[in-house]
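Note on naming: letters A, B, ... go to the chains in the order of the sequence lines (proteins, then strands), and numbering restarts at 1 for each one. These numbers come from a predicted model, not from an experiment.
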Amino acid sequence: MISNTLDKKWQELWAARELFQADDYSKKIKYYVLMMFPYPSGSWLHMGHCKNYIIGDVISRYKKMQGFNVLHPMGWDAFGLPAENAAIKNNIHPGEWTDKNIEVMKKQLKKIGICYDWSREITTCAPDYYKWSQWLFLKFLEKGLAYKKTKKANWCPKCLTVMANEEVVDGVCWRCKTEVAQKELEQWFFKITDYSDRLLDDIKKLKGWPEKVKIMQENWIGKSYGVELDFKIENSPAGEKISVYTTRVDTIFGVTYLVIAPEHPLAQKLARGTKYEAPLKEFAAKLKRQSEISRTSDLTEKEGLFIGAYAINPFNGERVPVYAVNYVIMEYGTGAVMAVPAHDQRDFDFAKKYNLPVKVVIQKPDNNGRPAADLTEAYISEGIQVNSGEFDGKKNTEAIALMSEYAEKNKIGKKTINFKLRDWLISRQRYWGAPIPVIYCDKCGIVPVPEKDLPVKLPFVADFQPKGGVSPLAAIKEFVEVPCPKCGGAGKRETDTMNTFICSSWYFLRFCDPKNDNAAFDIEKIKYWMPVDQYVGGIEHAILHLLYARFFTKFLFDLKLINFDEPFVNLFTQGMVLKDGQVMSKSKGNTVEADPLIEKYGADTVRGFVLFAAPPEKEMEWNDKGIEGIWRFLGRIERFIDNTLPLIKDAGPVVPKQLPKELKAFYITLNKTIKKVKEDVEREFHFNTAIAALMEFVNFLYAFEPSEEQKNSKEYRALLRLSSEDILLLLAPFTPHICEELWERLGHKESIFLNRLPEFDPAFVIAEEKEVPVQVNGKLRGRIIISAGTSKEEALARAGILPTVIAAIAGKKVVKIIYVQDKLINWVVL
RNA sequence: GCCGGGGUGGUGAAACUGGUAGACACAAAGGACUUAAAAUCCUUCGGUCGCAAGAUCAUGGCGGUUCGAUUCCGCCCCCCGGCACCA
């Protein structure tokens, strides 16, 4: 009876009754559960996707059955390169390709019984959505947080566009895995670095986020406390100084040379006109050709050359040579570093190679004045200052503070904070994205497109291939050539489009008010629905999307457009589905499609199996061996209810206090099951053990044999009916179709989802009889069954007569008896 | 290298604050029903010894704390994820 016909029947009824539509401003408490919306890639849904949406669906239905006003929307992150590539390959418009894919995916989501409020569906490539993405861009521009600059940017030679640092993973493009190159280009940036501190500090507020994700964000932001110190250049008529940044000012007396990035303007300037000029130029040129990854990999051998200059250590006046090296990068700190080979591994490696002196200034606590020649590696741990003038004898951890103060007082340096986080590069040289709404005018400069002219619609183009670092839009004359909105003179439209992460940085807000033509969203609706109570998605977005979404939220909070500054209260990152040890994905060709399984077993079995196989946060290696187990389980429930239907059709309510002993134990088993299922779901979504508890209960029902006189008693019949109903209610979020169906067979006219989950009766969750393990010296020697609350004396008496216990104690001296009421008895003997 | 998370039967996994290790399933074996098969129902199912009662070993390895450790502590091995010349 479990079948696709059944799936279809209920899916249609749910849709027709608008059962899962969220109600703005309902008096019920709201609950916003959101899945990271997908890119409509057109691949048939595979089990990896399904797991994700099934988890969200269970949460959504469960919350609904707890009486919440649930918002569970779905949309499409529909701008992006695959659509464009498909367009180039198959000569189909990206929009058309995207729409088709959305249709397919939507149908599939419905087929596994996911209940979204489809009336709120949004598509980021639709003008009524990207109009507001553009509007948000203008807000950033207005506040000075969007700016243009020329910078060496990450360039993907395959996608033919630039990308943000966050999109470069292990030196390759996160999407196409091509090695990323560097290209000097003028680009649009969002000043996310203005929010570095808040993005970092507010991680504390994210109590409902996995520790792992928070740590990843923290590392990405990469805040460090240090000192910037000025080293004067010896014999420099212009009074040049090299500024270095260090987090280890305590090692300043150990500086034996300075290292500077070869592209540092000062390096070039100091070498000018000397015999070092030419080699330095060559060295810099060589590094420029090298990709960022091979340059900054710590496997790359350290290389460098003396540039002919000496610098003076501001602490002790020592004269040290300046080297241009490959291991210092211009983008971080000041682009120059003081080298302390004794206490920094990189400097140590370099010093060994070029025979530079090593001077120990931090002594290991357990080692008296170890000579530098002895060091086989840098000593980077804590210790005591030596060879450090007036700071000798101090703990280095204390010296850091003292020496920072000293530097500030003597005006040779200042305390500085550095971040690894860089500004977000948001322009892309591609067609299928939201056009950046600005116009260039020779007279007025960069002019924002007036709000009334939004959206700047993507024009229809024939050739989607980007050319020479510019978007295909640049070839559309009608698009590019527009009058300047300010002076009316000749203007040129920006042809870059926005990074798609912009569209996904605020979509959760649009779901609260998806049809608004006058604003991105209405503040009152936002106040009602936001923040998202439960966000669910893949760990792969731990930095990219989640950091950007937090940034947008804080920006909108500052504009007073929203009333909270963190978007997601709870975050759940589900484990990926693997096949042959690899993430399931279309490009790898290792997908297991959901469709055939749904055809064979129905949606409920597929859902149940995915949930039962492992806890949801854990990654699972796909194997459909176990699917029969869920199929049988659902069959057992159906048969049980069908078979007992004559007995329970008109059964009355259970009156717990009047139950005879045997049935009371039955009732307690039911209550314990309710408690366990709800606890497991509410404690980190452990659906697997919740389902196992229900299986156990069903097994109990099959095994239970009432006595002759109870068989047809009204108490027994009431208990059977209650059990059947509670099983269905508890199981409904997991396997909704069969539960609806059986609920109906029990005689209910309304959807099961309009009912509350059962509550357990706290007076009936403790079994009256307990099996207690009996140990001798912690080793299990037997078990006794006692009624709850049996006294210590009686329990010991009962346990003490067990032959195994007598044998184990015989001839030994009893030292102690451990007794835990109703739980454990343990004799300690010598 | 650093930071996270793991390592439990043939398999997926349970064991929530230290208290009966392996719940619940899959696979396997046997049985019942059936002309037969499927479906269903019942039984067995970590290793070794034993007819059995039971004994003994067993949660990556070695130690420690404890009456008692999958759980706490120390050291080590392996796997997965993240970060990584960031000064």
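Consecutive pairing runs in RNA chain B reach the stem threshold at B:1-7 with B:77-83, B:10-12 with B:24-26, B:28-32 with B:40-44, B:46-49 with B:54-57, B:60-64 with B:72-76, where a stem means at least three Watson-Crick or G-U wobble pairs with distances under 3.5 Å.
No contact: A:Phe419 has no heavy atom under 4.0 Å from any strand. If you check every strand for non-hydrogen atoms under 4.0 Å, A:Asn826 touches a base. Nucleic acid contact for A:Asn688: sugar-phosphate only, since backbone atoms but no base atoms lie under 4.0 Å from a heavy atom of the residue.
In B:G82 the O4'-C1'-N dihedral to the base is more than 90° from 0, which defines an anti nucleotide.
Between A:Trp631 and A:Tyr601, the angle of the ring planes goes over 60°, which puts this pair in the perpendicular group of the 30/60° scheme.
Under a cut-off of 6.0 angstrom, the local environment of CD1 in A:Ile818 is crowded, with over 12 non-hydrogen atoms contributed by other residues, nucleotides or ligands. Taking a 6.0 Å sphere around CG of A:Leu200, one finds it holds more than 12 heavy atoms contributed by other residues, nucleotides or ligands.
Residue-to-nucleotide contacts include a donor-acceptor pair under 3.5 Å from the side chain of A:Lys302 to the base of B:C85. A donor and an acceptor atom sit less than 3.5 Å apart, one in the side chain of A:Glu771 and one in the base of B:U20.
Rounded to the nearest Å, the gap between the P atom of B:A14 and that of B:C62 is 25 Å.
Of the residues in residues 798-808 of chain A, those with a non-hydrogen atom less than 4.0 angstrom from any atom of RNA chain B are A:Thr804.
The six-membered or imidazole ring of A:Phe350 lies near that of A:Tyr327, with a centre-to-centre distance under 6.0 Å.
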